[in-house]
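Have a look at the structure below, then the notes.
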Protein chains: 2
Amino acid sequence: MSALQHLGELRDPKTSATSQPQLEIAGLAASANVRRYKSGETIFVEGDAAPYCYQVVTGVVKEYNTLEDGRRQVADFYGIGELFGISELDEQLHTAEAIADCAVRCYPRDSLLHAVSVSPELSHQFLDTLMTRLHHARERMVMLGRMSAMQRVAAFLIRLSSQQCRTDNIQLAMSRQDIADHLGLTIETVCRALTELRKKDVIIMPSARVFSIPDDEILDEIAHGSSAAH
Amino acid sequence: MSALQHLGELRDPKTSATSQPQLEIAGLAASANVRRYKSGETIFVEGDAAPYCYQVVTGVVKEYNTLEDGRRQVADFYGIGELFGISELDEQLHTAEAIADCAVRCYPRDSLLHAVSVSPELSHQFLDTLMTRLHHARERMVMLGRMSAMQRVAAFLIRLSSQQCRTDNIQLAMSRQDIADHLGLTIETVCRALTELRKKDVIIMPSARVFSIPDDEILDEIAHGSSAAH
DNA sequence: CGTGCAATTGAAAGTACTCAAGCCACGTGG
DNA sequence: CCACGTGGCTTGAGTACTTTCAATTGCACG
């Protein structure tokens, strides 16, 4: 099976379910407190000391890096239950920002890592999360390295649809700029791809941040098929 | 500090040393046997059952995915001591191939994962390896998503130079095609970038598979500086 | 009903790709 | 010993796609 096909597999419970840690990490809830952030607020900055690891309770968070010239690469978006701000060093590797109003649980990094290393249960679960995340990172590398703009946008919409478990009125929590920065494109190219999908009736967009997929096979075909999608 | 700068940090012992597991995993050496592969031989194929995890004893291995149209994305190259063939599922996510004559240690996957989950020591080490790998995967996403062909090639040469701890007569274990597939470029584009670097005396290439870096600051500048590198 | 930001569209420019051919080192066989 | 064939690497010309720059539209808000 090819890497491209994997991109559609988020829908598959066996890959996605295991990457969702439980909503509260056993034995650590006591030492963790919850913070709230408004949409657009920064949670931490690349290079910061990293005393905590974080878990989304409510809302959506993005992690990104900024290049010298101001361009960004969005590493990932995190929804309810997902961990972020994890690194092997004691400094943050990304900047994290709320893209919707958020509640975020903060686990002391040392406690979390210690708890993980002494509990076989937690260890297994955490390893699984990391391996799944690495897996997805590599699928994204295929996307960034080998897929056309249209294919990237189509694959991104498919991923959102599978995450929200629906093909109707799917919410786009992030801006066009965030999507572009995630897919390695410019905002204009994202717009043009969306416009083309709309014109071909592959997607329906009642407003700029909501869409539906009438026939997900057509979208799949665009995401996985020939790169010449005109 | 930006993600781009991280790309040069492989030279830094604090990031690279921790990602190297010891040469034999304690308590598992008994159940692991060593296999040998000639350059070009396939070790396992994407989708295969994954009864083992592997560790390079000698030589160099690449892991890659093949797309429907035959193009490839090389996920990574692995040198002495590095683990590969790791996934959260019990099937291989990539195809692995020796790009030089290799000796490879095979650990039964279940034993390895079990050993890791019950030993705090191993658990910590394995987590560290995975987090570092995720970190590097994300740096590569920045590269694939945001850097020009010339920047990608320059960054790749810098990485090789730091891995081999030298700036003289650095070996290119992999073919131009492998480099192209790793960087998300075509073989021709890689050639042109190398030719340009040679013409500008940024690198010296006594032969196609060996190069030296007279002044690594210039190369750094090309990798991290303005994308207009003409 | 302006203001301001996000999203969209258009036109021109540029970068990397495709296709095609030439080059080079190496191994084989006459 | 040299012609020949092979595979990997390099170069050239034309093309296609994405970006850049610029302008317009749409929408929420005071």
Side-chain angles (χ1 to χ4, degrees), chain A residues 39-40 67 69-73 99-100 143-154 156-157 171-200 203 205-211 222 225-230, chain B residues 38-40 62 67 69-73 97 99-100 143-154 156-157 171-200 203 205-211 222 226-230:
Chain A
S39 176
L67 281 69
D69 58 10
R71 290 181 306 169
R72 292 172 177 183
Q73 176 68 42
I99 58 176
M143 187 161 90
L144 293 172
R146 292 293 175 206
M147 287 166 59
S148 70
M150 178 57 83
Q151 288 179 307
R152 296 184 207 191
V153 172
F156 181 72
L157 297 182
Q171 302 295 317
L172 282 164
M174 62 294 292
S175 70
R176 296 291 188 274
Q177 186 65 59
D178 288 336
I179 298 173
D181 290 342
H182 184 57
L183 301 181
L185 299 169
T186 58
I187 187 174
E188 294 94 333
T189 303
V190 172
C191 271
R192 284 186 247 269
L194 288 175
T195 300
E196 198 175 327
L197 289 174
R198 242 183 289 132
K199 279 186 186 161
K200 288 202 229 158
I203 60 171
M205 296 195 74
S207 81
R209 297 286 189 106
V210 184
F211 71 100
I222 292 173
S226 69
S227 35
H230 51 137
Chain B
K38 295 226 149 91
S39 176
K62 71 177 174 197
L67 281 69
D69 57 11
R71 290 180 308 169
R72 293 172 176 183
Q73 176 69 40
E97 187 182 310
I99 59 177
M143 187 160 91
L144 293 171
R146 291 295 173 205
M147 286 167 57
S148 70
M150 177 57 82
Q151 288 180 307
R152 296 184 207 190
V153 172
F156 181 72
L157 296 182
Q171 302 296 316
L172 282 165
M174 61 293 293
S175 69
R176 297 291 189 273
Q177 186 64 60
D178 288 336
I179 298 172
D181 290 342
H182 184 56
L183 301 181
L185 300 169
T186 59
I187 188 173
E188 294 97 330
T189 303
V190 172
C191 271
R192 284 185 247 269
L194 288 174
T195 300
E196 198 175 325
L197 289 174
R198 244 185 288 134
K199 279 187 186 161
K200 287 202 229 160
I203 60 171
M205 296 194 75
S207 79
R209 296 285 190 107
V210 184
F211 71 100
I222 291 173
S226 68
S227 34
H230 53 135

Interatomic distance where [atom1] belongs to [X] and [atom2] belongs to [N] [whole Å]:
X        : N      : atom1 : atom2 : answer
B:Ile187 : D:dG7  : CD1   : P     : 14 Å
A:Met147 : D:dT18 : CE    : C1'   : 16 Å
B:Leu194 : C:dC24 : CG    : P     : 17 Å
A:Arg198 : D:dT25 : CZ    : C1'   : 13 Å
B:Met205 : D:dG8  : CE    : C1'   : 13 Å
B:Asp69  : C:dC17 : CG    : C1'   : 13 Å
B:Arg146 : D:dT20 : CZ    : C1'   : 13 Å
A:Met150 : D:dT18 : CE    : C1'   : 13 Å

Evaluate the criterion side-chain contact (heavy atoms from CB on, under 4.5 Å) for residue pair B:Glu97 and B:Asp178; output intermediate values, then yes/no. CA-CA 11 Å; B:Glu97 187 182 310; B:Asp178 288 336; over 6 Å; no
Check: A:Arg72 side chain, A:Gln177 main-chain N or O, donor-acceptor pair, under 3.5 Å: no
Report which part of the nucleic acid A:Ser207 touches: base, sugar-phosphate, or nothing (heavy-atom distance under 4.0 Å, all strands). nothing
On the nucleotide C:dT9, are OP1 or OP2 found under 4.0 Å from the side-chain N or O atoms that A:Thr195 carries? yes
Nearest to the side chain of [X], heavy atoms from C-beta on, is which of [options]?
X        : options                : answer
A:Glu188 : D:dT18, D:dT20, C:dA16 : D:dT20
B:Ala208 : C:dT18, C:dT8, D:dC9   : D:dC9
A:Thr186 : D:dT19, D:dT18, D:dT10 : D:dT19
A:Thr189 : C:dA16, D:dA22, D:dT18 : D:dT18

Do any of residues 171-185 of chain B sit with a heavy atom less than 4.0 Å from DNA chain C, and if so which? B:Gly184, B:Leu185
Nearest 0.5 Å please: distance from the CZ atom of B:Phe156 over to the CG atom of B:Leu194. 9.5 Å
Anything under 3.5 Å between a donor and an acceptor, one on a side chain of residues 183-193 of chain B, the other on a protein residue two or more places apart or in another chain? List them.
| from | atom 1 | to | atom 2 | distance (Å) |
| --- | --- | --- | --- | --- |
| B:Thr186 | OG1 | B:Thr189 | N | 3.4 |
| B:Thr186 | OG1 | B:Thr189 | OG1 | 2.9 |

Under-3.5 Å donor-acceptor pair between A:Arg192 side chain and C:dG10 base: yes
Base C:dT15 paired with B:Arg152 side chain (donor-acceptor, <3.5 Å): no
Whichever of B:Arg209 and A:Val190 has the more 5' nearest nucleotide on DNA chain D, that residue is B:Arg209
Under 4.0 Å between a Lys/Arg side-chain N and an Asp/Glu carboxylate O for A:Arg146 and B:Asp181? yes
Heavy-atom closest contact (A:Gln151 atom, A:Ile222 atom, distance): CG-O, 3.3 Å
Can you name the side-chain hydrogen bond (donor to acceptor under 3.5 Å, both in side chains) partners of B:Gln171, sequence neighbours left out? none
